[in-house]
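For reference, the structure is listed below as structure tokens.
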Amino acid sequence: MKRAVPFLMLAALAASAFAQPAPDKTMVVVNGDKITGANYVKRMEVLPGVGMLINGRFLEGTPGYLTLQQMINETLMIQLAKDKGVAPTEAQITQEIQDRLKDNPEFAKIFEQMGLTQADLRYDILVQMSEFNLTTMGINIADAQVTRYYEDQKKDFTLPKRYRLRVIAVSSADAKKAVDSDIAAGKAFAEIAKERSEDITTKYDGGLMGDIAEGALNANLKPLVIAMKPGQSTAWLKGSAGPEVKVFLESVQESRVLPLDDKLKRQIRRKLMMERGSVRNNVPQWMEEKRKAAKMEFQGTPFDEQLKRVFGPKQ
């Protein structure tokens, strides 16, 4: 089973993270008209125009069907890991969560903001580690192999020189004068962007374009940016269409090689394990065999017929 989207499981969990509302519960009132719990749940199950990415292809399906299909596959994956003797232990799941929190302290907040619980988080890790353990069965990567890969592929761990840029876009002469006046008065460029920029994709973040690698700079903009010092901005630039823009250089980050710290060691080890394991262990085939042997007891959901075409007995 391939997890088509990194947080696909989160989408499925999100639907069940909260207690199902009572059919007569009012979810929201729109100009006096109530949307009830019954309509909300039904609509969420059969909402059209949604789907999932599988091997780069978008496959449309109702959320109810896709969620049940995903949960069946997850259950089979967990069972397969047990069958093969590589089921993640509670200690391994705890360690994985701790490692992810070290790498990204905001990791757990993603779940909290979606209303998900620690139990939901541990389940998601259980599914991911079951697939990882199956794929990497019998594969061991020594520290020396990690170090050698890092040294051989150091260019892949080198961050290019980057320029943190902000932008203000306006479409009238009066607006340009107002921006120039604010800059002359010493007002922070980010604050001016929030107040006056017409580029809605950046203005609410102070006009931030991001940290852009030198090689990724627009051909016309590149010589201007390279010639500037932090704290300087370009003259007004006119494109082929649309508003005029002024670009501000906030900072320059020189090229640097990422250190081989614990985080990077884990990433390299996992990469090497997955590459070698995917050749040795045919998890998709094992999953197909598991599906064929599974005893499915369909319980009369609106999605039974669709599920039978995927998981039911083959004629």
Side-chain angles (χ1 to χ4, degrees), residues 5-8 10-11 14 28-33 35 47-53 56 58 103-115 155-258:
V5 180
F7 282 129
L8 178 61
L10 296 185
V28 67
V29 180
V30 183
N31 294 325
D33 293 331
I35 297 176
L47 189 69
V50 299
M52 58 192 292
L53 284 174
F58 179 79
D103 295 345
N104 178 15
E106 301 295 311
F107 169 67
K109 288 185 179 179
I110 296 173
F111 280 75
E112 294 173 6
Q113 290 169 356
M114 294 179 67
K155 65 180 185 304
D156 294 336
F157 306 109
T158 301
L159 295 178
K161 190 173 185 178
R162 286 151 294 146
Y163 299 83
R164 174 162 291 190
L165 302 177
R166 295 183 184 271
V167 64
I168 293 174
V170 296
S171 55
S172 71
D174 288 343
K176 286 168 55 179
K177 289 180 182 178
V179 170
D180 289 337
S181 177
D182 285 345
I183 291 175
K187 191 172 182 178
F189 193 93
E191 293 304 312
I192 304 172
K194 287 180 182 178
E195 181 180 346
R196 301 191 184 277
S197 182
E198 298 170 15
D199 179 15
I200 61 173
T201 61
T202 63
K203 72 171 293 177
Y204 300 109
D205 200 16
L208 185 63
M209 296 172 67
D211 296 332
I212 303 176
E214 188 169 300
L217 288 169
N218 176 280
N220 295 324
L221 183 60
K222 184 175 180 177
L224 301 177
V225 171
I226 291 175
M228 287 194 296
K229 294 180 180 179
Q232 295 181 333
S233 58
T234 65
W236 288 103
L237 305 174
K238 180 68 174 176
S240 57
E244 292 185 66
V245 300
K246 184 180 286 288
V247 179
F248 175 78
L249 175 61
E250 184 168 295
S251 62
V252 179
Q253 300 174 56
E254 296 297 332
S255 174
R256 69 183 181 90
V257 179
L258 295 174

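Quick note: residue numbers are just sequence positions, from 1.
With a 4.5 Å cut-off on side-chain heavy atoms, E244 and K176 count as touching. You'll find the side chain of V225 reaches within 4.5 Å of the side chain of L165, heavy atoms only.
Closest heavy-atom contact between S171 and E198: OG-OE1, 2.7 Å. In plain terms, the two heavy atoms of A193 and V167 that are nearest each other are CB-O, 4.0 Å. Between A169 and S197, the closest heavy-atom pair is N-OG, 3.2 Å. The shortest heavy-atom contact between S255 and L159 is OG-O, 2.9 Å. When every heavy atom of L237 is checked against every heavy atom of L224, the shortest pair comes out as CD2-CD1, 3.9 Å.
Interatomic distance, R196 CZ to K246 NZ, rounded to the nearest 0.5 Å: 13.5 Å. Atoms OG and CD, from S233 and E250 in turn, are 12.5 Å apart once rounded to the nearest 0.5 Å. In this structure, CD1 on I192 lies 4.5 Å from CG on D182, to the nearest 0.5 angstrom. Atom OG1 of T234 sits about 10.5 Å away from atom CG of L249, to the nearest 0.5 Å. Rounding to the nearest 0.5 Å places CD1 of I168 at 9.5 Å from CD of E195. Within the model, atoms CG of L217 and NZ of K161 stand 10.5 Å from one another, a figure rounded to the nearest 0.5 Å.
Around NZ of K155, the count of heavy atoms belonging to other residues, nucleotides or ligands within 6.0 Å exceeds 12. Atom NZ of K177 sits in a sparse spot, with 12 or fewer heavy atoms from other residues, nucleotides or ligands closer than 6.0 Å.
Sorted by first and then second residue, the pairs that involve residues 186-225 and meet ring pair (Phe, Tyr, Trp, His ring centres under 6.0 Å), not counting sequence neighbours, are F189-F248. Sequence neighbours left out, the pairs with a member in residues 199-226 that pass salt bridge (Lys or Arg N to Asp or Glu O under 4.0 Å) are R164-D211.
For the side chain to side chain donor-acceptor pair (under 3.5 Å) test, no residue two or more places apart in sequence or in another chain qualifies with Q232.
R162 contributes no side-chain N or O that, together with a main-chain N or O of V252, makes up a donor-acceptor pair within less than 3.5 Å.
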